[in-house]
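This report refers to the structure that appears directly beneath it.
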Amino acid sequence: MASLAPYWRTYAEFWRLNFLTLAEYRANFFVWLVFTLVLHGSAIATIWLTMNRFPIMNGWTWQQVVFLYALYWLASSLNGTLFFTVGDVPWHIREGRFDRFMVRPLDPLFQIISQPGQIWPDELIVATIFFAIVQGLVHLQWTIGVAGLLLGAMVGGAFIDFAIQLAVATLAFWVVRLDTLRWVVMSLETDFTRYPLSIYNRVVRFTLSFIFPFAFINYFPASTLLHKTAQGDYAVNPLLGWLTPLIGALWFTAAYLFWRRGLDHHQSTGS
Amino acid sequence: MFTHIGSIALRVYLYYALWSALYANNGPQQSFSFKDIITYSVLALLVGLIYNVDGPYVVREKIREGNIAIDLMRPISVPLYVFADTVGQAGFALVQIAVALPIAIGLLALTGTHISAPASPLIALAFLVSVALGFLVNFFLDLLMATITFWTMEIFGFQLMVQFITSLLAGAVVPLQFFPSPVTAIAQASPFAAIYNAPLSIYLGKYQGPELLSTLALQAVWVVVFAVGALALWRVGERRVVVQGG
């Protein structure tokens, strides 16, 4: 393994530049912060309003459904903070600007995720504060095990999110336009993860567990944490909640191997 | 086109799954049957195709790039041609609805669910009038947002925020009838209810006789309010461009 020093230096520089842009675009920063608050605020308000007349959703109260949201937001904002720019890959390829990543001496994927821009950890901070409030609403009993499971769900969940986005972005090496596919995956991710998995039919449950395993980001860990493990029809094996880091590692490995194939393909077309 | 149709199909299923779990767990609602909520959700998605046409988007871009000066010199009112353009795009949305409706009905039929037809031709007519009024409220709201660009230049984030709040208070996802009573009253009095909740409630026969007429009249009032507001603001903004020389 070659020296990692250039990587650390580049990565530190990447964050230094991000914070410099923060100082430069302060007004923009606040606009996006308010935007984030309104976006998530209206999603959470929708959950609350949906369940106003219907207090139970397959054994989940509205506070618990909001907990699902909070857990998902934690992982996805971690992914957004660390790996946001992977979504730009199809755009780089389409514009014919991807080649520059191939000729530089650092790993191309590393270069992609360290493209400086207006990337700030604001959403991660808001998501963490929100989670801190919601864990009180559901009376989460803190133990070392609970903390470990949460950490695993957050980091593993971020990698699941990253892996899926990387895989979809990699398709751009073969297909120039994939807006529809991206849209479907995004909808599965943001709309379908809002509610307990048990409300869906077998096909959707399978898809969300083993193809695009978004259920491991929030539903399975939350089921373990909130003891949704002995509820008759909706019982969930408590072990599943612990598997998020493993699923994250597996899916990320698969996505990375797919990405490497995409890179080879790109070389051969030489565009 | 495919993205829109696919998005409708996914959401029809999502709302079906959501509401069937909620109705099965919590029992029936006195004022809103399961069939009502499924019909409401499907219609909200379909009329959403019309409402999501953002015609004034062109204005926003042109003001930002400065090209608006050329349009202002032409011998036609800019708001008028933007309106004509929006109506044209809404016509295309009708084609999308014609494709999406059978897909939604077929998808629901697989689960043994059916959506209701309007109770009478009169209700159907009132629904169409109400959607048209909702379209106008929505158009003038978009135009108002676009007009603000004369002063702020960048409005995309703000407009998205207004969209989230609009769709919430309009009852685009959750019918206003399900909100806690005080919130329902506020939301129903807000102009946003004129966009989704009024036409959909009319379709479901929730308003009869005088109540139906007053709902339509209130929608018409909102059309006038937003039209006057947007056009007045447009006048002021237009002059600003002329003063600055484009």
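Taking a 6.0 Å sphere around CZ of Arg182(A), one finds it holds 12 or fewer heavy atoms contributed by other residues, nucleotides or ligands. Within a 6.0 Å radius of OH in Tyr57(B), no more than 12 heavy atoms belonging to other residues, nucleotides or ligands are found. Crowding of Phe84(A) atom CZ: a count of heavy atoms from other residues, nucleotides or ligands under 6.0 Å not exceeding 12.
Using a 30° and 60° split on the angle between ring planes, Phe54(A) and Tyr23(B) fall in the tilted class, from 30° to 60°. The aromatic rings of Tyr200(A) and Tyr13(B) lie tilted to each other, with the angle between the two planes from 30° to 60°.
For Leu14(B), the parts lying under 4.5 angstrom from a heavy atom of chain A are both the backbone and the side chain. In this structure, chain B has no heavy atom under 4.5 Å from any part of Pro196(A). Contacts between Val204(A) and chain B at a heavy-atom distance below 4.5 Å involve the side chain alone, from C-beta outward. With a threshold of 4.5 angstrom between heavy atoms, Gln177(B) approaches chain A through N, CA, C or O but not through any side-chain atom. For Phe192(A), the parts sitting under 4.5 Å from any heavy atom of chain B are the backbone and the side chain alike. Proximity to chain A is limited to the side chain of Leu168(B), based on heavy atoms less than 4.5 angstrom apart. For Thr50(A), the parts sitting under 4.5 Å from any heavy atom of chain B are the backbone and the side chain alike.
Trp60(A) CH2 to Asn25(B) CG: the interatomic distance, rounded to the nearest 0.5 Å, is 13.0 Å. The line from CG of Leu18(B) to CZ of Arg194(A) is 10.5 Å long, rounded to the nearest 0.5 Å. Going from atom OG1 of Thr184(B) over to atom CG of Asn52(A) covers 7.5 Å, rounded to the nearest 0.5 Å.
Residues Pro55(A) and Asn26(B) meet the side-chain proximity criterion, which asks for heavy atoms closer than 4.5 Å.
In this structure, Phe178(B) and Arg53(A) approach most closely via the heavy-atom pair O-CG, 3.5 Å.
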